[in-house]
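FYI, the numbering just counts along the sequence from 1.
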Amino acid sequence: MTDVKELLLSRIRDVADYPKPGVMFKDITPLLADPTAFSALTGALADLCVAQGATKIVGLEARGFILAAPVAVRAGVGFIPVRKAGKLPGATLSQAYELEYGQAEIEVHAEDLAAGDRVLVIDDVLATGGTAEASVELIRRAGAEVSGLAVLMELGFLGGRARLEPALRGAPLEALLTV
């Protein structure tokens, strides 16, 4: 796994002062453009999916979709998109959550998750944990079980893990990289 971590980290580019001054943005597009690195990432996340006994994967809008969909295919499980409010047609379940400056809402199709589903949540980055926490609550409200949460990268200095641990209720939080 050390070799995979080194490969992934070597393909993430730092962009200073984006999206605003003082922020060091972690750009994963070079990783996605490298088929060896992207395949290694997909394999590592699929291994977590299998180890946790997940039957479905939830990908969080938008970069979480890019990671979660190929992981679902590789692991042989279903992929469920969790989107910003108003983006899904038909009946949805929604979950509001607090942002640093305001509020946001995410949705999932009501019929996509059910009792008996074990769901792994996948996203690219764990920052403050607000969206991930809301997705965990949304999955449970749909009647499914959260088998865990997996991210490519955790920004440890933002405290997302501490925020999420109570919501996860013992389900594992796996970060392939922590910066």
Side-chain angles (χ1 to χ4, degrees), residues 8 26 28-29 31-32 35 37-99 103-155 160-161 163-177:
L8 299 177
K26 300 293 187 183
I28 68 166
T29 58
L31 186 156
L32 300 174
F38 194 20
S39 180
L41 171 59
T42 302
L45 291 172
D47 289 348
L48 290 174
C49 176
V50 171
Q52 294 176 12
T55 60
K56 292 190 178 170
I57 290 177
V58 155
L60 303 182
E61 187 167 346
R63 290 181 302 265
F65 294 176
I66 297 167
L67 305 186
V71 170
V73 170
R74 193 159 180 170
V77 301
F79 167 73
I80 311 298
V82 167
R83 305 235 26 213
K84 294 174 185 167
K87 301 287 186 177
L88 291 171
T92 61
L93 293 174
S94 64
Q95 182 72 38
Y97 62 101
E98 296 295 322
L99 296 170
Q103 198 174 41
E105 191 173 1
I106 55 174
E107 294 180 332
V108 66
H109 275 130
E111 71 274 5
D112 287 348
L113 294 170
D117 287 332
R118 289 186 42 81
V119 182
L120 175 65
V121 178
I122 293 182
D123 205 3
D124 64 328
V125 174
L126 173 61
T128 62
T131 306
E133 181 181 38
S135 72
V136 165
E137 295 307 318
L138 189 59
I139 290 163
R140 288 197 179 111
R141 284 185 43 234
E145 179 185 344
V146 176
S147 69
L149 188 138
V151 296
L152 165 58
M153 186 175 10
E154 177 181 355
L155 305 179
R161 181 176 291 269
R163 177 180 182 166
L164 273 174
E165 283 178 344
L168 285 170
R169 300 180 195 159
L173 167 54
E174 303 283 349
L176 298 180
L177 304 171

Can you tell me which residue among Leu67, Val77, Val119 is in a side-chain contact (heavy atoms from CB on, under 4.5 Å) with Ile57? Val77
Leu113 and Ile80 have their tightest heavy-atom pair at CD2-CG1, 4.1 Å
Any Lys/Arg nitrogen of Glu107 or Arg83 sitting under 4.0 Å from an Asp/Glu carboxylate oxygen of the other? no
Would you call Val58 and Val146 a side-chain contact if the rule is heavy atoms closer than 4.5 Å? no
So, for Leu126 and Gly160, which heavy atoms are closest and what is the spacing to 0.1 Å? CD2-C, 4.2 Å
Closest heavy-atom contact between Leu120 and Gln52? CD1-OE1, 3.1 Å
Please check: side-chain N/O of Arg118 versus main-chain N/O of Gly53, any donor-acceptor pairing under 3.5 Å? yes
Walk me through whether Ile139 and Val108 qualify under side chain to side chain contact (heavy atoms under 4.5 Å, CB included). CA-CA 9 Å; Ile139 290 163; Val108 66; over 6 Å; no
Do you know which two heavy atoms are closest between Val151 and Val125, and how far apart they sit? CG1-C, 4.3 Å
So does Arg163 pair up with Glu133, basic N to acidic O under 4.0 Å? yes
Counting only heavy atoms not in Arg63, do more than 12 fall under 6.0 Å of its CZ? no
First locate atom CD1 of Ile106, then atom NZ of Lys84, and finally report the distance between them rounded to the nearest 0.5 Å. 11.5 Å
Using 0.5 Å steps for rounding, measure from the CD atom of Glu61 to the NZ atom of Lys87. 6.5 Å
Taking every heavy atom of Gln103 against every heavy atom of Ala96, the minimum-distance pair comes out as NE2-CB, 3.9 Å
Measure the CG-CD distance between Leu93 and Glu111 for me, rounded to the nearest 0.5 Å. 9.5 Å
Go through it in stages, so that I can follow the logic: the residues are Ile28 and Met153, the test is side chain to side chain contact (heavy atoms under 4.5 Å, CB included), and I'd like the CA-CA distance, side-chain angles, deciding distance and then a yes or no. CA-CA 10 Å; Ile28 68 166; Met153 186 175 10; 4.1 Å; yes
Check against side chain to side chain contact (heavy atoms under 4.5 Å, CB included), Tyr97 and Leu138: CA-CA 11 Å; Tyr97 62 101; Leu138 189 59; over 6 Å; no
CG (Asp117) and OG1 (Thr55) are apart, to the nearest 0.5 Å, by 4.5 Å
Can you check whether Asp112's main-chain N or O pairs, donor with acceptor, with Lys56's side chain at less than 3.5 Å? yes
Backbone N/O of Ser39 and side chain of Arg74: donor-acceptor pair under 3.5 Å: yes
How far does CD1 of Ile66 sit from OG1 of Thr29, to the nearest 0.5 angstrom? 9.5 Å
Once you round to the nearest 0.5 Å, how far does CD of Glu174 lie from CG of Asp47? 11.5 Å
Nearest heavy atoms of Ile122 and Ala68, plus distance in Å: CB-CB, 4.0 Å
